[in-house]
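Every value quoted in this text rests on a predicted model; they were computed, and no experiment measured them.
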Amino acid sequence: MASTYLLCLGLGFLILFHACFAQIAQGTDATREQQQQQQRFQTQCNIQDLNALEPQQRVESEAGVTEFWDQNDEQLQCANVAVFRHRIQQRGLVVPSYTNTPELFYVVQGIHGAVFPGCPETYQESQQRSSESQSRSQDQHQKVRQIREGDLVALPTGSANWIYNDGPSELVVVALVDVGNSDNQLDQFLRKFYLGGNPQPQLQGYSQSQGSRYQGSQGGEGGDRSRRGGNLFRGFDERLLAEAFNANPDLISKLQGPQMQKGIIVRVEEELRVLSPQRGREQEQEQEQEFQGSGDNGIEETICTMKLKHNINDPSGADAYNPRGGRVTTVNRFNLPILRYIQLSAEKGNLYQNAMMAPHWNLNAHSVVYITRGNGRMQIVAENGENVFDGQIREGQLIVVPQGFAVVKRASNRGLEWISFKTNDVAMTSQLAGRASVIRGLPLDVIQNSFQVSRDEAQRLKYNRQELTVFSPGPRSQ
(Lines give C-alpha, C1' and ligand atoms only; values in the text may rest on other atoms or scores of the structure.)
Protein backbone atom coordinates (compact mmCIF):
# COMPACT_ATOMS: atom_id res chain seq x y z
CA MET A 1 0.00 0.00 0.00
CA ALA A 2 1.06 3.60 -0.64
CA SER A 3 1.04 4.32 3.07
CA THR A 4 4.14 2.17 3.53
CA TYR A 5 6.27 4.30 1.27
CA LEU A 6 8.34 7.32 2.09
CA LEU A 7 8.67 9.97 -0.56
CA CYS A 8 10.54 13.18 -0.17
CA LEU A 9 9.37 16.63 -1.11
CA GLY A 10 11.65 19.52 -0.45
CA LEU A 11 10.71 23.11 -0.21
CA GLY A 12 13.57 25.52 0.22
CA PHE A 13 12.67 28.91 1.48
CA LEU A 14 15.37 31.29 0.34
CA ILE A 15 13.99 34.59 1.53
CA LEU A 16 15.81 37.21 -0.45
CA PHE A 17 16.17 39.71 2.35
CA HIS A 18 19.31 39.65 4.48
CA ALA A 19 17.18 39.80 7.62
CA CYS A 20 15.18 36.79 6.40
CA PHE A 21 11.91 38.33 7.51
CA ALA A 22 13.16 37.67 11.03
CA GLN A 23 10.35 39.75 12.50
CA ILE A 24 7.46 39.01 10.11
CA ALA A 25 4.95 39.29 12.87
CA GLN A 26 6.11 42.70 14.10
CA GLY A 27 3.61 45.44 14.50
CA THR A 28 0.44 45.93 16.46
CA ASP A 29 -2.69 43.84 16.08
CA ALA A 30 -4.37 46.80 14.44
CA THR A 31 -1.64 47.00 11.82
CA ARG A 32 -1.96 43.29 11.12
CA GLU A 33 -5.70 43.55 10.68
CA GLN A 34 -5.26 46.51 8.33
CA GLN A 35 -2.82 44.50 6.24
CA GLN A 36 -5.19 41.56 6.33
CA GLN A 37 -8.00 43.63 4.88
CA GLN A 38 -6.01 44.84 1.88
CA GLN A 39 -8.05 44.66 -1.29
CA ARG A 40 -7.55 41.87 -3.78
CA PHE A 41 -7.40 42.79 -7.44
CA GLN A 42 -11.00 42.99 -8.60
CA THR A 43 -12.04 41.26 -11.82
CA GLN A 44 -15.22 40.86 -13.82
CA CYS A 45 -17.32 37.83 -12.95
CA ASN A 46 -19.90 37.74 -15.71
CA ILE A 47 -20.48 34.02 -15.31
CA GLN A 48 -23.21 32.64 -17.54
CA ASP A 49 -22.09 29.04 -17.62
CA LEU A 50 -19.53 26.96 -15.70
CA ASN A 51 -17.70 23.84 -16.79
CA ALA A 52 -15.55 21.22 -15.10
CA LEU A 53 -12.07 22.10 -16.33
CA GLU A 54 -9.21 19.88 -17.46
CA PRO A 55 -5.59 21.05 -17.77
CA GLN A 56 -5.03 22.75 -21.13
CA GLN A 57 -1.23 22.90 -21.25
CA ARG A 58 1.09 19.93 -20.72
CA VAL A 59 4.85 20.46 -20.56
CA GLU A 60 7.09 17.42 -20.28
CA SER A 61 10.42 17.35 -18.50
CA GLU A 62 12.99 14.63 -18.05
CA ALA A 63 11.43 13.20 -14.88
CA GLY A 64 7.86 14.40 -14.86
CA VAL A 65 5.10 16.53 -16.31
CA THR A 66 3.72 19.95 -15.39
CA GLU A 67 0.10 20.68 -16.36
CA PHE A 68 -1.60 24.09 -16.39
CA TRP A 69 -5.24 25.02 -16.33
CA ASP A 70 -6.05 27.85 -18.75
CA GLN A 71 -5.75 31.02 -16.70
CA ASN A 72 -7.69 32.89 -19.38
CA ASP A 73 -10.79 30.82 -18.64
CA GLU A 74 -13.50 33.10 -17.26
CA GLN A 75 -13.82 30.98 -14.11
CA LEU A 76 -10.18 31.37 -13.10
CA GLN A 77 -10.20 35.02 -14.13
CA CYS A 78 -13.22 35.59 -11.90
CA ALA A 79 -11.41 34.02 -8.93
CA ASN A 80 -8.16 35.73 -10.05
CA VAL A 81 -6.04 32.63 -9.50
CA ALA A 82 -3.86 30.26 -11.52
CA VAL A 83 -3.68 26.50 -10.99
CA PHE A 84 -1.10 23.93 -12.06
CA ARG A 85 -0.18 20.34 -11.26
CA HIS A 86 3.16 18.54 -11.03
CA ARG A 87 3.43 14.80 -11.70
CA ILE A 88 6.89 13.87 -10.47
CA GLN A 89 8.48 10.52 -11.22
CA GLN A 90 10.72 8.58 -8.86
CA ARG A 91 13.92 10.54 -8.09
CA GLY A 92 12.49 13.55 -9.90
CA LEU A 93 13.62 16.98 -8.71
CA VAL A 94 11.64 20.12 -9.50
CA VAL A 95 14.33 22.78 -9.71
CA PRO A 96 14.10 25.80 -7.36
CA SER A 97 11.69 28.56 -8.38
CA TYR A 98 9.53 31.30 -6.89
CA THR A 99 6.48 33.35 -7.81
CA ASN A 100 5.50 36.96 -7.21
CA THR A 101 2.35 35.87 -5.33
CA PRO A 102 1.50 33.52 -2.47
CA GLU A 103 1.01 29.84 -3.28
CA LEU A 104 -0.95 27.08 -1.57
CA PHE A 105 -0.45 23.48 -2.61
CA TYR A 106 -1.97 20.14 -1.70
CA VAL A 107 -0.29 16.75 -1.92
CA VAL A 108 -2.76 14.63 -3.86
CA GLN A 109 -0.92 11.32 -3.93
CA GLY A 110 1.94 9.62 -2.12
CA ILE A 111 3.65 9.97 1.24
CA HIS A 112 6.60 12.29 1.06
CA GLY A 113 8.96 14.49 2.99
CA ALA A 114 9.38 18.24 2.80
CA VAL A 115 12.34 20.56 3.15
CA PHE A 116 11.26 23.88 4.62
CA PRO A 117 14.35 26.04 4.96
CA GLY A 118 13.57 28.95 7.18
CA CYS A 119 16.46 31.35 7.48
CA PRO A 120 19.74 30.14 9.04
CA GLU A 121 21.52 26.94 8.02
CA THR A 122 20.47 25.09 11.15
CA TYR A 123 21.09 21.56 9.83
CA GLN A 124 24.78 20.73 9.80
CA GLU A 125 26.56 17.48 9.11
CA SER A 126 28.85 16.37 11.91
CA GLN A 127 32.60 16.24 11.31
CA GLN A 128 32.63 12.55 12.26
CA ARG A 129 29.99 11.66 9.70
CA SER A 130 31.66 13.77 7.05
CA SER A 131 35.01 12.04 7.59
CA GLU A 132 33.39 8.68 6.90
CA SER A 133 32.91 9.73 3.29
CA GLN A 134 35.85 11.72 1.97
CA SER A 135 34.36 11.67 -1.54
CA ARG A 136 32.00 14.53 -0.71
CA SER A 137 32.36 17.71 1.31
CA GLN A 138 30.60 18.47 4.57
CA ASP A 139 27.08 19.81 4.03
CA GLN A 140 24.85 22.24 5.86
CA HIS A 141 21.49 23.58 4.78
CA GLN A 142 18.32 25.09 6.11
CA LYS A 143 15.49 23.39 7.98
CA VAL A 144 14.06 20.05 6.85
CA ARG A 145 10.64 18.68 7.86
CA GLN A 146 8.73 15.55 6.93
CA ILE A 147 5.23 15.87 5.48
CA ARG A 148 2.85 13.32 4.05
CA GLU A 149 -0.13 12.79 1.78
CA GLY A 150 -2.94 15.18 2.57
CA ASP A 151 -0.69 18.00 3.73
CA LEU A 152 -1.61 21.54 2.79
CA VAL A 153 1.49 23.70 2.40
CA ALA A 154 1.64 27.51 2.31
CA LEU A 155 4.38 29.34 0.41
CA PRO A 156 4.85 33.06 1.13
CA THR A 157 5.34 35.44 -1.78
CA GLY A 158 8.80 35.27 -3.34
CA SER A 159 9.99 32.21 -1.39
CA ALA A 160 12.02 29.81 -3.52
CA ASN A 161 10.89 26.20 -3.34
CA TRP A 162 11.93 22.87 -4.79
CA ILE A 163 10.38 19.43 -4.77
CA TYR A 164 12.00 16.00 -4.74
CA ASN A 165 10.43 12.53 -4.91
CA ASP A 166 12.56 9.65 -3.68
CA GLY A 167 9.71 7.15 -3.41
CA PRO A 168 8.79 4.30 -5.74
CA SER A 169 5.54 5.87 -6.99
CA GLU A 170 4.54 9.08 -8.75
CA LEU A 171 4.17 12.18 -6.61
CA VAL A 172 1.24 14.44 -7.54
CA VAL A 173 0.99 18.02 -6.27
CA VAL A 174 -1.76 20.49 -7.21
CA ALA A 175 -1.01 24.16 -6.53
CA LEU A 176 -3.03 27.38 -6.51
CA VAL A 177 -1.23 30.67 -7.16
CA ASP A 178 -3.16 33.68 -5.89
CA VAL A 179 -2.41 36.25 -8.59
CA GLY A 180 -5.14 38.52 -7.21
CA ASN A 181 -3.34 38.85 -3.89
CA SER A 182 -2.28 42.34 -2.82
CA ASP A 183 1.33 41.12 -2.66
CA ASN A 184 1.36 40.90 -6.46
CA GLN A 185 2.72 44.14 -7.88
CA LEU A 186 2.91 42.86 -11.48
CA ASP A 187 0.12 41.88 -13.85
CA GLN A 188 -2.55 39.38 -12.92
CA PHE A 189 -0.96 36.34 -14.52
CA LEU A 190 1.13 33.47 -13.25
CA ARG A 191 4.86 34.14 -13.50
CA LYS A 192 7.41 31.55 -12.46
CA PHE A 193 11.00 32.62 -11.83
CA TYR A 194 13.28 29.58 -12.09
CA LEU A 195 16.68 29.52 -10.46
CA GLY A 196 17.82 26.30 -12.10
CA GLY A 197 17.29 24.04 -15.08
CA ASN A 198 16.28 24.98 -18.61
CA PRO A 199 12.60 25.89 -18.25
CA GLN A 200 10.48 26.05 -21.38
CA PRO A 201 8.78 29.45 -22.04
CA GLN A 202 5.35 27.97 -21.28
CA LEU A 203 6.45 27.19 -17.74
CA GLN A 204 7.40 30.77 -16.94
CA GLY A 205 4.14 32.49 -17.78
CA TYR A 206 1.26 30.58 -19.32
CA SER A 207 -1.02 33.50 -20.14
CA GLN A 208 -2.16 35.98 -22.74
CA SER A 209 0.19 38.43 -21.04
CA GLN A 210 3.15 36.33 -22.07
CA GLY A 211 1.82 36.09 -25.60
CA SER A 212 1.57 39.87 -25.93
CA ARG A 213 5.13 40.28 -24.66
CA TYR A 214 6.46 37.94 -27.30
CA GLN A 215 4.43 39.41 -30.17
CA GLY A 216 6.12 42.77 -29.86
CA SER A 217 9.53 41.36 -30.74
CA GLN A 218 8.76 38.62 -33.24
CA GLY A 219 10.78 38.49 -36.41
CA GLY A 220 14.09 39.74 -35.09
CA GLU A 221 16.99 38.33 -33.16
CA GLY A 222 15.62 39.89 -29.98
CA GLY A 223 12.30 38.16 -30.55
CA ASP A 224 13.96 34.75 -30.84
CA ARG A 225 15.82 35.40 -27.62
CA SER A 226 12.66 36.51 -25.76
CA ARG A 227 10.85 33.31 -26.71
CA ARG A 228 13.60 31.11 -25.31
CA GLY A 229 13.16 29.65 -21.90
CA GLY A 230 15.85 30.08 -19.32
CA ASN A 231 16.59 30.45 -15.66
CA LEU A 232 17.25 33.79 -13.99
CA PHE A 233 21.02 33.44 -14.09
CA ARG A 234 20.99 33.27 -17.90
CA GLY A 235 20.28 36.99 -18.20
CA PHE A 236 23.26 38.15 -16.14
CA ASP A 237 26.70 38.93 -17.46
CA GLU A 238 28.95 35.92 -16.96
CA ARG A 239 31.83 38.01 -15.55
CA LEU A 240 29.59 39.75 -13.01
CA LEU A 241 28.25 36.41 -11.78
CA ALA A 242 31.75 34.98 -11.59
CA GLU A 243 32.71 37.88 -9.37
CA ALA A 244 29.54 37.57 -7.26
CA PHE A 245 30.07 33.85 -6.63
CA ASN A 246 33.85 34.06 -6.56
CA ALA A 247 33.86 31.23 -9.09
CA ASN A 248 35.45 30.60 -12.48
CA PRO A 249 33.51 31.41 -15.69
CA ASP A 250 33.23 27.75 -16.71
CA LEU A 251 31.20 27.00 -13.60
CA ILE A 252 29.07 30.11 -14.13
CA SER A 253 28.21 28.99 -17.68
CA LYS A 254 26.77 25.79 -16.19
CA LEU A 255 24.81 27.84 -13.69
CA GLN A 256 23.33 29.98 -16.45
CA GLY A 257 22.03 27.06 -18.46
CA PRO A 258 22.84 23.33 -18.37
CA GLN A 259 23.66 21.87 -21.75
CA MET A 260 21.03 19.15 -21.51
CA GLN A 261 17.48 20.30 -22.23
CA LYS A 262 15.77 18.52 -19.35
CA GLY A 263 13.08 21.05 -18.45
CA ILE A 264 12.27 21.83 -14.82
CA ILE A 265 11.90 18.28 -13.44
CA VAL A 266 15.29 16.58 -13.66
CA ARG A 267 16.23 13.06 -12.65
CA VAL A 268 18.70 12.64 -9.81
CA GLU A 269 21.08 9.81 -10.71
CA GLU A 270 21.83 8.96 -7.10
CA GLU A 271 19.74 9.53 -3.99
CA LEU A 272 19.36 13.17 -3.05
CA ARG A 273 21.07 13.56 0.30
CA VAL A 274 19.62 15.96 2.82
CA LEU A 275 20.01 16.19 6.57
CA SER A 276 16.78 15.38 8.38
CA PRO A 277 15.73 14.44 11.91
CA GLN A 278 14.12 11.10 12.65
CA ARG A 279 10.62 11.22 11.20
CA GLY A 280 8.97 9.82 14.31
CA ARG A 281 10.56 12.36 16.64
CA GLU A 282 9.65 15.22 14.37
CA GLN A 283 6.01 14.15 14.33
CA GLU A 284 6.07 14.04 18.13
CA GLN A 285 7.39 17.61 18.22
CA GLU A 286 4.69 18.78 15.82
CA GLN A 287 1.99 17.10 17.90
CA GLU A 288 3.35 18.77 21.04
CA GLN A 289 3.31 22.12 19.26
CA GLU A 290 -0.30 21.62 18.15
CA PHE A 291 -1.30 20.51 21.66
CA GLN A 292 0.19 23.66 23.12
CA GLY A 293 -1.75 25.73 20.63
CA SER A 294 -1.03 26.96 17.14
CA GLY A 295 -2.25 30.52 17.56
CA ASP A 296 -0.30 33.60 16.56
CA ASN A 297 2.81 33.92 18.67
CA GLY A 298 3.22 37.65 18.17
CA ILE A 299 6.66 39.06 17.40
CA GLU A 300 8.36 35.93 18.76
CA GLU A 301 7.12 33.93 15.78
CA THR A 302 9.20 34.49 12.65
CA ILE A 303 9.18 33.14 9.13
CA CYS A 304 12.06 30.92 10.21
CA THR A 305 10.00 29.09 12.83
CA MET A 306 6.42 29.55 11.65
CA LYS A 307 4.40 26.42 10.97
CA LEU A 308 3.90 26.13 7.20
CA LYS A 309 1.90 22.92 6.80
CA HIS A 310 -1.19 21.20 8.12
CA ASN A 311 -2.48 17.73 7.32
CA ILE A 312 -6.02 18.31 6.17
CA ASN A 313 -6.64 14.58 5.57
CA ASP A 314 -6.45 13.61 9.23
CA PRO A 315 -9.92 12.30 10.22
CA SER A 316 -9.38 13.35 13.84
CA GLY A 317 -9.25 16.99 12.75
CA ALA A 318 -12.60 17.00 10.94
CA ASP A 319 -14.85 19.99 11.64
CA ALA A 320 -17.98 18.13 10.55
CA TYR A 321 -18.37 14.34 10.65
CA ASN A 322 -21.24 12.00 9.87
CA PRO A 323 -20.43 8.28 10.24
CA ARG A 324 -22.84 7.50 7.41
CA GLY A 325 -22.06 10.48 5.23
CA GLY A 326 -18.43 11.57 5.49
CA ARG A 327 -16.46 14.52 6.83
CA VAL A 328 -15.35 18.08 6.06
CA THR A 329 -12.16 19.69 7.37
CA THR A 330 -11.21 23.36 7.22
CA VAL A 331 -7.76 24.94 7.46
CA ASN A 332 -7.64 28.68 7.99
CA ARG A 333 -5.54 31.26 9.80
CA PHE A 334 -6.64 29.96 13.21
CA ASN A 335 -5.09 26.50 12.85
CA LEU A 336 -2.37 27.51 10.34
CA PRO A 337 -1.39 31.11 11.21
CA ILE A 338 0.79 31.62 8.10
CA LEU A 339 -2.48 31.79 6.12
CA ARG A 340 -3.15 35.18 7.72
CA TYR A 341 -0.27 36.61 5.72
CA ILE A 342 -1.04 34.94 2.40
CA GLN A 343 -4.83 35.47 2.78
CA LEU A 344 -5.87 32.00 1.67
CA SER A 345 -7.57 28.98 3.29
CA ALA A 346 -8.75 25.52 2.27
CA GLU A 347 -11.45 22.90 2.78
CA LYS A 348 -11.12 19.13 2.35
CA GLY A 349 -14.29 17.14 1.76
CA ASN A 350 -14.79 13.38 1.86
CA LEU A 351 -18.26 12.10 0.99
CA TYR A 352 -19.09 8.43 1.31
CA GLN A 353 -21.18 6.50 -1.19
CA ASN A 354 -24.23 8.55 -2.31
CA ALA A 355 -23.81 11.05 0.54
CA MET A 356 -24.44 14.77 0.09
CA MET A 357 -22.88 17.97 1.36
CA ALA A 358 -25.45 20.53 2.45
CA PRO A 359 -26.25 23.13 -0.22
CA HIS A 360 -24.48 26.34 0.78
CA TRP A 361 -22.81 29.50 -0.43
CA ASN A 362 -19.43 31.15 0.30
CA LEU A 363 -19.91 34.41 2.17
CA ASN A 364 -16.52 36.04 1.59
CA ALA A 365 -14.43 34.01 -0.86
CA HIS A 366 -14.26 32.31 -4.21
CA SER A 367 -13.79 28.55 -3.97
CA VAL A 368 -11.55 26.67 -6.42
CA VAL A 369 -12.57 23.02 -6.19
CA TYR A 370 -10.21 20.23 -7.31
CA ILE A 371 -11.52 16.65 -7.28
CA THR A 372 -8.94 14.36 -5.68
CA ARG A 373 -10.82 11.02 -5.80
CA GLY A 374 -14.08 9.50 -6.96
CA ASN A 375 -16.83 11.29 -8.81
CA GLY A 376 -20.29 12.72 -8.26
CA ARG A 377 -22.82 15.34 -9.24
CA MET A 378 -22.46 19.05 -8.62
CA GLN A 379 -24.87 21.94 -9.13
CA ILE A 380 -24.05 25.66 -8.96
CA VAL A 381 -26.70 28.40 -9.02
CA ALA A 382 -26.13 32.12 -9.72
CA GLU A 383 -27.81 35.14 -8.15
CA ASN A 384 -30.64 35.16 -10.70
CA GLY A 385 -31.63 31.59 -9.89
CA GLU A 386 -30.07 30.26 -13.10
CA ASN A 387 -28.30 26.92 -12.95
CA VAL A 388 -24.80 27.71 -14.28
CA PHE A 389 -23.49 24.16 -13.76
CA ASP A 390 -25.26 20.83 -13.42
CA GLY A 391 -23.10 17.86 -14.26
CA GLN A 392 -20.78 15.08 -13.26
CA ILE A 393 -17.36 15.86 -11.84
CA ARG A 394 -14.52 13.37 -11.57
CA GLU A 395 -10.99 12.95 -10.29
CA GLY A 396 -8.52 15.46 -11.74
CA GLN A 397 -11.12 18.06 -12.76
CA LEU A 398 -11.35 21.63 -11.50
CA ILE A 399 -14.26 24.03 -11.12
CA VAL A 400 -14.64 27.49 -9.59
CA VAL A 401 -17.57 28.40 -7.34
CA PRO A 402 -17.75 32.22 -7.30
CA GLN A 403 -18.51 34.10 -4.10
CA GLY A 404 -22.20 33.99 -3.22
CA PHE A 405 -23.09 31.30 -5.77
CA ALA A 406 -24.97 28.40 -4.16
CA VAL A 407 -23.53 24.90 -4.60
CA VAL A 408 -24.45 21.34 -3.72
CA LYS A 409 -22.40 18.14 -4.13
CA ARG A 410 -23.53 14.52 -4.04
CA ALA A 411 -21.20 11.54 -4.27
CA SER A 412 -21.65 8.62 -6.63
CA ASN A 413 -21.38 4.97 -5.67
CA ARG A 414 -17.59 5.47 -5.65
CA GLY A 415 -17.66 8.34 -3.18
CA LEU A 416 -16.30 11.84 -3.74
CA GLU A 417 -13.28 13.70 -2.34
CA TRP A 418 -12.10 17.24 -3.08
CA ILE A 419 -9.82 20.05 -1.95
CA SER A 420 -11.18 23.60 -2.15
CA PHE A 421 -8.75 26.52 -2.19
CA LYS A 422 -10.46 29.68 -0.91
CA THR A 423 -9.47 33.29 -1.50
CA ASN A 424 -9.87 34.42 2.12
CA ASP A 425 -7.91 33.33 5.17
CA VAL A 426 -11.15 33.00 7.16
CA ALA A 427 -13.52 31.78 4.44
CA MET A 428 -17.08 31.27 5.71
CA THR A 429 -20.09 29.43 4.35
CA SER A 430 -23.82 29.57 5.01
CA GLN A 431 -26.00 26.51 4.53
CA LEU A 432 -29.39 26.38 2.83
CA ALA A 433 -30.51 23.11 4.44
CA GLY A 434 -29.74 21.16 7.60
CA ARG A 435 -29.58 21.87 11.31
CA ALA A 436 -27.17 24.80 10.85
CA SER A 437 -28.95 26.35 7.87
CA VAL A 438 -30.39 29.80 7.29
CA ILE A 439 -33.82 28.18 6.90
CA ARG A 440 -33.48 26.68 10.37
CA GLY A 441 -32.84 30.16 11.77
CA LEU A 442 -35.95 31.75 10.25
CA PRO A 443 -39.29 32.03 12.07
CA LEU A 444 -41.97 29.67 10.76
CA ASP A 445 -44.17 32.59 9.70
CA VAL A 446 -41.36 34.04 7.60
CA ILE A 447 -40.87 30.70 5.84
CA GLN A 448 -44.62 30.27 5.40
CA ASN A 449 -45.16 33.65 3.80
CA SER A 450 -41.91 33.80 1.81
CA PHE A 451 -42.58 30.52 0.02
CA GLN A 452 -46.37 30.58 0.18
CA VAL A 453 -46.62 27.23 1.96
CA SER A 454 -48.72 25.98 4.83
CA ARG A 455 -47.43 26.12 8.38
CA ASP A 456 -47.07 22.34 8.41
CA GLU A 457 -45.01 22.46 5.20
CA ALA A 458 -42.87 25.26 6.64
CA GLN A 459 -42.23 23.12 9.70
CA ARG A 460 -41.13 20.19 7.55
CA LEU A 461 -38.76 22.44 5.59
CA LYS A 462 -37.26 23.71 8.81
CA TYR A 463 -36.96 20.54 10.86
CA ASN A 464 -36.97 17.47 8.58
CA ARG A 465 -33.18 17.45 8.09
CA GLN A 466 -31.50 17.07 11.48
CA GLU A 467 -27.94 16.53 10.23
CA LEU A 468 -25.47 19.40 10.16
CA THR A 469 -23.14 19.69 7.14
CA VAL A 470 -22.76 16.19 5.68
CA PHE A 471 -26.00 14.37 4.88
CA SER A 472 -26.21 10.59 4.87
CA PRO A 473 -27.77 8.97 1.80
CA GLY A 474 -31.55 8.61 1.91
CA PRO A 475 -34.16 6.83 -0.20
CA ARG A 476 -34.09 9.61 -2.81
CA SER A 477 -30.37 9.09 -3.50
CA GLN A 478 -30.52 5.33 -4.04
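- You'll find the side chain of L432 stays beyond 4.5 Å of the side chain of S437, heavy atoms only.
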Pair E67, R87 - check salt bridge (Lys or Arg N to Asp or Glu O under 4.0 Å), show working. CA-CA 8 Å; E67 300 165 305; R87 295 184 178 274; 3.3 Å; yes

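- Between G317 and T329 the shortest heavy-atom distance is O-CG2, 3.5 Å.
- Contact between I447 and L442 at its shortest, heavy atoms only, is CG1-CB, 3.9 Å.
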Decide side chain to side chain contact (heavy atoms under 4.5 Å, CB included) for L152 and L104; before the verdict, give the C-alpha distance in whole Å, the side-chain angles of both, and the deciding distance to 0.1 Å. CA-CA 7 Å; L152 187 75; L104 195 61; 4.0 Å; yes

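- The shortest heavy-atom contact between T423 and V81 is CG2-CG1, 4.1 Å.
- Between atom CG of residue L93 and atom NZ of residue K262 there is a gap of 11.0 Å, rounded to the nearest 0.5 Å.
- The side chain to side chain donor-acceptor pair (under 3.5 Å) test with Q89 is passed by exactly one of E62, R267, E170: R267.
- Counting heavy atoms from C-beta on, the side chains of L176 and W69 never come closer than 4.5 Å.
- Residues G263 and S61 approach most closely at CA-OG, 3.7 Å, considering heavy atoms.
- With no hydrogens or angles considered, a side-chain donor-acceptor pair links S316 and D314 at under 3.5 Å.
- Checked by atom type and distance alone, the side chain of D178 never pairs as donor or acceptor with a backbone atom of S182 at under 3.5 Å.
- Using modelled atom types and a 3.5 Å distance limit, the side chains of S454 and Q448 yield no donor-acceptor pair.
- Both cation-pi conditions hold for R465 and F471: the charged atom is under 6.0 angstrom from the six-membered ring centre and inside a 45 degree cone around its axis.
- Using a 3.5 Å distance cut-off with no hydrogens or angles, the side chains of N80 and Q188 do pair a donor with an acceptor.
- To the nearest 0.5 Å, the span separating OG on S420 from CD1 on I371 amounts to 7.5 Å.
- Annotation: cation-pi pair K348/W418 absent, no NZ/CZ under 6.0 Å from the ring centroid and within 45° of its normal.
- Under a 3.5 Å cut-off, the side chain of Q75 and the backbone N or O of N72 do not form any donor-acceptor pair.
- Of the possible polar contacts, none joining the N464 side chain to the L461 backbone as a donor-acceptor pair under 3.5 Å is found.
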Side chain to side chain contact (heavy atoms under 4.5 Å, CB included) for R455 and D445? Distances and angles first, verdict last. CA-CA 7 Å; R455 190 171 183 83; D445 277 13; 2.5 Å; yes

Derivation and outcome, side chain to side chain donor-acceptor pair (under 3.5 Å), residues T157 and D183: CA-CA 7 Å; T157 301; D183 279 357; 2.8 Å; yes

Applying side chain to side chain donor-acceptor pair (under 3.5 Å) to T469 and Q431, what does each step give before you reach the verdict? CA-CA 8 Å; T469 302; Q431 294 180 196; 2.9 Å; yes

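- Looking only at atom types and distance, the side chain of N198 has no donor-acceptor partner in the side chain of N231 under 3.5 Å away.
- The closest side-chain donor-acceptor pair between N184 and T101, if any, does not fall under 3.5 angstrom.
- For A411 against Y352, the heavy-atom pair with the smallest separation is CB-O, 3.3 Å.
- Salt-bridge annotation for E467 and R440: absent, with no side-chain N of the basic residue lying under 4.0 Å from a carboxylate O of the acidic one.
- Looking at Y194 and L232, their side chains never come closer than 4.5 Å, going by heavy atoms from C-beta outward.
- At distances below 3.5 Å, not a single donor-acceptor pair connects side-chain atoms of D425 with backbone N or O atoms of N332.
- Taking the six-membered ring for Trp and thresholds of 30 and 60 degrees, F84 and F68 have ring planes inclined between 30 and 60 degrees apart.
- A donor and an acceptor atom, one from each side chain of D390 and Q379, are located under 3.5 Å apart.
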Worked check of side chain to side chain contact (heavy atoms under 4.5 Å, CB included) between V401 and F389: CA-CA 10 Å; V401 182; F389 180 79; over 6 Å; no

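- The structure places CE of M378 at 10.0 Å from CE of M357, a figure rounded to the nearest 0.5 Å.
- P96 is not listed as a side-chain neighbour of N161, based on a closest heavy-atom distance of 4.5 Å or more.
- Between the D151 side chain and the K309 main chain, no donor and acceptor come within less than 3.5 Å of each other.
- A donor and an acceptor atom, one from each side chain of N375 and S412, are located under 3.5 Å apart.
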Show your reasoning for whether salt bridge (Lys or Arg N to Asp or Glu O under 4.0 Å) applies to R58 and E60. CA-CA 7 Å; R58 177 184 172 92; E60 295 188 2; 3.6 Å; yes

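- Atom NE2 of H366 is separated from atom CG of L76 by 11.0 Å, given to the nearest 0.5 angstrom.
- Looking at V388 and P402, their side chains never come closer than 4.5 Å, going by heavy atoms from C-beta outward.
- When each of I312, V172, L171, I163 is paired with V107, the side chain to side chain contact (heavy atoms under 4.5 Å, CB included) condition holds for L171 and for no other.
- Remark: R373 CZ to L351 CG distance equals 14.0 Å, nearest 0.5 Å.
- In the model, T372 has no side-chain atom that pairs as donor or acceptor with a side-chain atom of E395 under 3.5 Å.
- When only modelled atom types and interatomic distance are considered, Y370 and R85 share a side-chain donor-acceptor pair under 3.5 Å.
- Using modelled atom types, one finds no donor on one side chain facing an acceptor on the other under 3.5 Å when comparing N100 with R191.
- The shortest distance between side-chain heavy atoms of V83 and V177 does not fall below 4.5 Å.
- A distance of 5.0 Å separates CG in L155 from CD in E103, rounded to the nearest 0.5 Å.
- No donor-acceptor distance shorter than 3.5 angstrom exists from the side chain of N51 to the backbone of L53, with no hydrogens or angles considered.
- Nearest heavy-atom pair, A358 versus A433, reported as atom, atom and distance to 0.1 Å: CB-O, 3.7 Å.
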Walk me through whether I265 and T66 qualify under side chain to side chain contact (heavy atoms under 4.5 Å, CB included). CA-CA 9 Å; I265 308 177; T66 303; 3.8 Å; yes

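- E54 and Q397 form a side-chain donor-acceptor contact under 3.5 Å, judged by distance and modelled atom types alone.
- Within the 4.5 Å cutoff, the side chain of Q343 has no heavy atoms near those of the N424 side chain.
- Between F334 and V426 there is a side-chain heavy-atom pair separated by less than 4.5 Å.
- For the residue pair N350/Y321, the side-chain donor-acceptor check at 3.5 Å is not satisfied.
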